Amino acid sequence: MAVLVMCGVLALVVGGCVCVVWAARGGPRWARGVAAVTLAAGELVRSGSGRNRAGADDGDA
């Protein structure tokens with residue numbers, strides 16, 4: 001079951017990346033919407049992982 005969930009997540013990520021590239025080349029409106037959502041989700045993941053790293057680095061010193 002976990003493998004199916006991970007395959008689904010991977011398919012969404014790949015599809016989002018395809019929409020980002022397609023929207024950059026002037027794709028349809030729905031592709032630009034999916035690209036915006038994908039980029040926003042990427043920013044959320046990046047900001048969340050930065051906070052986790054900063055907290056983990058403080059305890060190592």
Side-chain angles (χ1 to χ4, degrees):
M1 182 67 183
V3 173
L4 290 175
V5 171
M6 292 303 292
C7 286
V9 170
L10 180 63
L12 288 173
V13 169
V14 170
C17 292
V18 168
C19 284
V20 168
V21 172
W22 193 11
R25 295 175 179 248
R29 177 180 282 188
W30 66 266
R32 288 185 293 239
V34 173
V37 170
T38 301
L39 292 173
E43 286 296 322
L44 285 174
V45 169
R46 253 180 42 185
S47 68
S49 66
R51 275 186 265 137
N52 290 340
R53 273 193 232 126
D57 288 343
D58 293 340
D60 291 339

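We use all heavy atoms of the structure for the numbers below, so side chains are in, but hydrogens, waters and symmetry mates are not. This structure is a prediction, so every number in the text was calculated from the model and none was measured.
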Interatomic spacing from CG in L39 to SG in C17 - rounded to 0.5 Å: 9.0 Å
Partner of V20 by side-chain contact (heavy atoms from CB on, under 4.5 Å), out of V34, V37, T38: T38
Contact list for residues 9-42, test ring pair (Phe, Tyr, Trp, His ring centres under 6.0 Å), sequence neighbours left out: W22-W30
Heavy-atom pair with the smallest gap, counting every atom of A23 and A35: CB-CB, 3.8 Å
